[in-house]
Amino acid sequence: MFSSLVDAGVGLHGSFRPAAEAGADLDRLAVACADAQHHVPYVASLNGLDVAARLLCLLSAAWAQGVASADDACRLALDLDARVEPTGDFRDGYRAMTAEDRERHLATALTVLPELRSARERGVPEETAQLDALLTLIASIDDVRVAQDKGPLAVRLIRQDAAAVLTAGGSGAEEGSRLLSELDEEMLRYGICPAASGALHTVLLFLDSVVERPLSAAA
């Protein structure tokens, strides 16, 4: 399954540039978003890559319009999201989210961004810093995919257990690592996949990579 996710990610590269080049042209952006969705196979959509692909297209278009910050990029991406309808075979979870849900989720990612950078500055290994960022997202949001597939009890379960890992010092601490292993086993046992959190984690890493090196405005 991991190799299929990698292949899907590679296939998406060709969609993000057209999205950036589309800028404010909604018709061109809609084509780029649809192309991105087309490149996401079903197994990858189960892990949130369909949502991640759409959000990265929207954020690419936003950055290409010359926004000055990650906050501005997210605001513009949300505006574009409301004006560009998802097409094709798109999981129902994203459609079921309200505009307020999407705004709240992106705001959470923006909150975690300085925490990720602060961890790096403290010398936390990159893999550990990124994993703790994912755990923070899992602990912070009501994952709509989990709620849809497994119910609200599963959402509360993984939120509490992810928070416990962080309270124990994070994934890099001995006790945190033990609790993380238990959380991983728990999710595998019950088939829980925090796909919305995973999509937000992708957004977080995108913002982290471009906020210091913003994309050039599209011609």
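All of these numbers come straight from a predicted model, not from anything done at the bench.
- For the pair Arg145 and Val155, the minimum side-chain heavy-atom distance is 4.5 Å or more.
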Compile the donor-acceptor pairs under 3.5 Å between side chains in residues 160-167 and protein atoms, sequence neighbours left out, one pair per line.
from   : atom 1 : to     : atom 2 : distance (Å)
Thr167 : OG1    : Ala163 : O      : 2.9

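- For Thr128 (side chain) and Val124 (main-chain N/O), no donor-acceptor pair under 3.5 Å exists by modelled atom type.
- Contact between Leu137 and Ser197 at its shortest, heavy atoms only, is CD1-O, 3.8 Å.
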Apply salt bridge (Lys or Arg N to Asp or Glu O under 4.0 Å) to Asp79 and Arg83, showing your working.
CA-CA 7 Å; Asp79 178 65; Arg83 299 160 65 191; 2.9 Å; yes
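- Counting only N and O atoms by type, the side chains of Ser118 and Arg122 include a donor and acceptor under 3.5 Å apart.
- With respect to Asp143 and Arg159, no salt bridge is recorded, no charged nitrogen being found less than 4.0 Å from a carboxylate O.
- Leu207 places a side-chain heavy atom less than 4.5 Å from the side chain of Val203.
- One finds a salt bridge joining Arg54 and Asp81 here, because a Lys/Arg side-chain nitrogen approaches an Asp/Glu carboxylate oxygen to under 4.0 Å.
- For the side chain to side chain contact (heavy atoms under 4.5 Å, CB included) test, residues two or more places apart in sequence or in another chain that qualify with Arg178 are Glu175, Glu182.
- Checked options Thr136, Ile138, Leu135, Leu134; the residue passing with His201 is Leu134 (criterion: side-chain contact (heavy atoms from CB on, under 4.5 Å)).
- Looking at heavy atoms from C-beta onward, Leu106 lies in side-chain contact with Leu200 at the 4.5 angstrom threshold.
- Of all the heavy atoms in Ala22 and Arg28, the pair that sits closest is CB-CB, 3.7 Å.
- A donor-acceptor pair under 3.5 Å links the side-chain atoms of Arg117 to the main chain of Asp208, judged by distance alone.
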